[in-house]
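Fair warning: this is a prediction, and the values are worked out from it, not measured in the lab. In the text below, chain A, chain B and the rest are named by the order of the sequence lines, each starting its count at 1.
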Amino acid sequence: MRGVRVLRQDPVETLFAFICSSNNNIPRISGMVEKLCHEYGEFLGEIGDVAYYAFPNMKDLKGSRVEEHLRSVGFGYRAKFISQCASYILQHHDSEWLEILRSASYNDAHAALCQLPGVGAKVADCVCLMSLDKHEAVPVDTHVWQITAKHYMPHLVTTKSLTAKVYKQIGDHYRALFGEYAGWAQSVLFTADLKRFQDTQSISHANLKSSSSKRSVESQSKSTSSYKVSAKKKKKSSK
DNA sequence: GAGATTC
DNA sequence: ATCTCA
């Protein structure tokens, strides 16, 4: 049986990859990250006829020259965020600052990340959860917002946009329910709603509730006591 | 809260 | 998704 896993990724790669993710789709994000590696990363070797490069060091990502180049290859407004973010971290902190944030509290790490250009609450939570060991971090995108409002927090169905206030409310809701597993719960919610996982019994959206399928979830009891995490929690330290 | 930003 | 403007 397959499960939903929250990986422990490299903080630098995670931060810059999620800066690329804003208002963007996965194929394009993947292409952008590969471009960063190929253009600015160290050559690692090749397997067959495919060359592999490491994710760049931040010192190689800063500067207006980088920004201009990234813009010319289709990074859009994210080009500025990437170069400025690298500059900011190296100027105000150092190259190991992100790793050091692993020993900070979730609230401190989140607040610090939100200071960076191109990093808001959502990207900060993604970095916290996927690379900084902050498993109470709950990244709330428009998708998770809609799912949560519909199935778990009905009073939010009338909210017109994902404001900072609503963002906090949703995260706090899951933290109260799942504590240190809140981030994992978010991953299950998110994954369960992906079309390609709709028929994957082991991680169906409705599994966070007591029973039944996704289609009939609306008619179910909304009581929090029916929420179950059950025995499908998993974690891994590498891909 | 609305609109712009990249493709 | 973040930022800017109002």
Novice: At 4.0 Å (heavy atoms only), tell me whether A:Phe81 reaches a base, stays on the sugar-phosphate, or touches nothing.
Specialist: sugar-phosphate

Novice: Apply salt bridge (Lys or Arg N to Asp or Glu O under 4.0 Å) to residues A:Arg175 and A:Asp172 and explain how you reach the verdict.
Specialist: CA-CA 5 Å; A:Arg175 278 185 282 275; A:Asp172 286 344; 3.1 Å; yes

Novice: Report the distance from atom CD of A:Gln84 to atom C1' of C:dT2, rounded to the nearest whole Å.
Specialist: 13 Å

Novice: Rounded off to whole Å, could you give me the CG-to-P distance for the A:Leu162 and C:dC3 pair?
Specialist: 14 Å

Novice: Taking CD1 from A:Ile19 and P from C:dC3, how many angstroms apart are they, rounded to a whole number?
Specialist: 9 Å

Novice: To the nearest Å, how far apart are A:Gln115 CD and C:dT2 C1'?
Specialist: 14 Å

Novice: Between A:Cys85 and A:Ile19, is the side chain to side chain contact (heavy atoms under 4.5 Å, CB included) condition met? List the steps.
Specialist: CA-CA 9 Å; A:Cys85 187; A:Ile19 287 176; 3.8 Å; yes

Novice: Look at the aromatic rings of A:Phe178 and A:Tyr174 and report parallel, tilted or perpendicular, splitting at 30° and 60°.
Specialist: parallel

Novice: Could you point out which residue of A:Leu15, A:Leu61, A:Val12, A:Asp94 forms a side-chain contact (heavy atoms from CB on, under 4.5 Å) with A:Ile89?
Specialist: A:Leu15

Novice: Base, sugar-phosphate or nothing for A:Ser21? Non-hydrogen atoms, less than 4.0 Å.
Specialist: nothing

Novice: A:Tyr167 has an atom OH; how far is it from atom C1' of C:dC3, in whole Å?
Specialist: 16 Å

Novice: Expressed in angstrom and rounded to an integer, what is the separation of A:Leu113 atom CG from C:dA1 atom P?
Specialist: 17 Å

Novice: What one-letter contact string describes nucleotides 2-7 of chain B from 5' to 3', where B marks a base within less than 4.0 Å of any protein heavy atom, S marks contact via sugar-phosphate atoms alone, and - marks no contact?
Specialist: ---BBS

Novice: Is any side-chain heavy atom of A:Pro117 closer than 4.5 Å to a side-chain heavy atom of A:Lys80?
Specialist: no

Novice: I need the CG-C1' distance between A:Asp141 and C:dT2, as an integer number of Å.
Specialist: 14 Å

Novice: Hey, mind stepping through A:Leu101 and A:Val127 against side chain to side chain contact (heavy atoms under 4.5 Å, CB included) and telling me if it holds?
Specialist: CA-CA 10 Å; A:Leu101 281 183; A:Val127 176; over 6 Å; no

